[in-house]
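One structure is given below, encoded as structure tokens.
Start at 1 and go down the list; that is how both ligands and their atoms are numbered.
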Amino acid sequence: MDFRHIAIFASGAGSNAKQIIEHFKFHTTIKVSLIVCNKQGAGVLKHAINHEVPTLFIEKERFFSGDGYVPQLFAASIDFIVLAGFLWKIPLSIIKAYPNKIINIHPALLPNYGGKGMYGTHVHTAVIDAGDNKSGISIHYVDEHYDNGDIIFQAYCDIEANDNPSTLADKIHLLEHQYYPNVVEKCIRNLGSKIKLAVTQL
Ligand code: GAR
């Protein structure tokens, strides 16, 4: 069988990208074939080099006002797009080209703590400041609005009295690394149709 090819879009350290690359390293039908990045010097670029995954560096104007780099994605035979700490909104050109084939991970329990400006430590600070006793991860399909598409999977963690945004970020990263690669795999096995998973289905 032909490979299914994943592109991972990432702007930052890339710890989730690394987990996903490693998960599929010896997979017989699914492969991470491209890292798409918008930030010079981002940590994810080192993971791409270490694992010999090609990278595509993107620029704002072409991404938002041009072809969205869709021709490059098609040329790399990309079947599925995984956002892993990617901070730009996905333009309609890409959403139309990849219906139900783009997913994102958000470091909180959507629909709470989502939307523009809600990323990374901003999310964890808002959760701690609100005095919540639980947080978690949300993996969802991507539409033209920030953090808005149908939810595929959520997992929870407790927040203790002595947690701060940094310790909460560590807990969230652990959950992300534990679950995101498996959810990606399930989505690709159901390529093009929407799924909703429970923890027990992984
Ligand atoms: C992850 O926690 C991810 O959920 C978050 O950025 C971090 C990236 O970490 N994404 C967002 O906040 C998107 N709204 P990583 O670069 O180590 O994978």
Test item, A10 contacting ligand 1 (heavy atom, 4.0 angstrom)
no

What's the shortest distance from atom 3 (C) of ligand 1 to any protein heavy atom, and which residue and atom give it?
E176 OE2, 3.4 Å

For atom 6 (O) of ligand 1, what's the nearest protein heavy atom and its distance?
G85 CA, 3.7 Å

Does an N or O anywhere in Y119 fall below 3.5 Å from an N or O of ligand 1?
no

Distance to 0.1 Å, residue and atom name: give those for the protein heavy atom nearest to atom 9 (O) of ligand 1.
H173 NE2, 3.1 Å

Measure the acute angle between the ring planes of F86 and F9, then classify it against the limits of 30° and 60° as parallel, tilted or perpendicular.
perpendicular

For atom 17 (O) of ligand 1, find the nearest protein heavy atom and state the residue, atom name and distance (0.1 Å precision).
S15 OG, 2.6 Å

Please write down residue, atom name and distance for the protein heavy atom closest to atom 12 (O) of ligand 1.
G120 N, 3.0 Å

Under 3.5 Å, N or O to N or O, is N16 touching ligand 1 that way?
yes

Can you find a non-hydrogen atom of I105 under 4.0 Å from ligand 1?
yes

Taking all non-hydrogen atoms of both residues into account, name the closest pair between K101 and L191 and its distance.
CE-CG, 4.1 Å

Taking salt bridge (charged side-chain N to carboxylate O under 4.0 Å, His left out) as the definition, give me every residue that meets it alongside E144, ordered by chain and number, with sequence neighbours left out.
none

Is there a donor in the side chain of D163 and an acceptor in the side chain of T167, or the other way round, less than 3.5 Å apart?
yes

Tell me, which protein residue and heavy-atom name are nearest atom 16 (O) of ligand 1, and how many Å apart are they?
G14 N, 2.7 Å

Check the side chains of D79 and H5 for a donor-acceptor pair under 3.5 angstrom, ignoring hydrogens and angles.
no

May I ask you to identify, for M118, whether its side chain, its backbone, both or neither come under 4.0 Å of ligand 1 on a heavy-atom basis?
backbone

Closest approach of H106 to M118 (non-hydrogen atoms, all atoms of both residues):
CE1-O, 3.3 Å

Nearest heavy-atom approach of I94 to F63 is CD1-CE1, 3.5 Å

Do any N or O atoms from the side chain of Y98 and from the backbone of I78 form a donor-acceptor pair under 3.5 angstrom?
yes

Protein contact of atom 11 (C) of ligand 1 - nearest heavy atom, named by residue and atom, plus distance
P107 CD, 3.5 Å

